[in-house]
Amino acid sequence: MVVTSAHKILIFVGFLSVIHAAYSAAQHRSYLRITEQEFTTLPIDIIIQGILSLFVVMYGVMFIAGDFKEIRAVVDLENKSWETLRNLPSFQVFNHRGKAMSPDNCF
């Protein structure tokens, strides 16, 4: 996938739309408080704007995130041999009693 500036602009516009929907919802709540009306639900246009902008942001993030990795570990391990699987350099110890038996360390 190629990350283009169009995807970044799409995410930016989506976030602006989410922020606008949140601001509109807060403004609607304050209007209801001023007019002393009971809050039941948000207007349908604010709900639709919030949901659509959420999907726009998710779509843009999918292209910027890159390729997804397989969840199963078997897919990554199929290409490795047994020797490379057991290679754990953090557990290799070079200071052990075997060097006392080397010919360089004779009495």
For the atom pair [atom1] ([X]) and [atom2] ([Y]), what is the distance rounded to the nearest 0.5 Å?
{"X": "Thr40", "Y": "Glu38", "atom1": "OG1", "atom2": "CD", "answer": "7.5 Å"}
{"X": "Met58", "Y": "Ser53", "atom1": "CE", "atom2": "OG", "answer": "10.0 Å"}
{"X": "Gln49", "Y": "Ser17", "atom1": "CD", "atom2": "OG", "answer": "4.0 Å"}

Under the ring-ring contact (aromatic ring centres under 6.0 Å, His included) test, residues paired with Phe15 that sit two or more places apart: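 ring-ring contact (aromatic ring centres under 6.0 Å, His included) check on Phe15 returns nothing, list empty.
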Beyond-backbone contact of Val56 with Val13, side-chain heavy atoms, under 4.5 angstrom: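 No; the side chains remain at least 4.5 Å from each other.
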Tyr31 side chain reached by Gln27 side chain, heavy atoms, under 4.5 Å: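 The answer is no; the side chains never approach within 4.5 Å.
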Connected via hydrophobic side-chain network under 4.5 Å: [X] and [Y]:
{"X": "Phe39", "Y": "Ile34", "value": "no"}
{"X": "Ile44", "Y": "Ile51", "value": "no"}
{"X": "Ile47", "Y": "Leu32", "value": "yes"}

Ile11 to Val57 - nearest heavy-atom pair and separation: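 Closest approach of Ile11 to Val57: O-CG2, 4.1 Å.
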Taking every non-hydrogen atom, the tightest pair across Ile46 and Ala25: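 Between these two residues, the closest heavy atoms are CD1-N, 4.1 Å.
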Any residue meeting side-chain hydrogen bond (donor to acceptor under 3.5 Å, both in side chains) with His28, in chain and number order, not counting sequence neighbours: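 Partners of His28 by the side-chain hydrogen bond (donor to acceptor under 3.5 Å, both in side chains) criterion come out as none, since no residue qualifies.
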Test of ring centre spacing under 6.0 Å for Phe55 and Tyr59: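 No: the rings miss the under 6.0 Å criterion.
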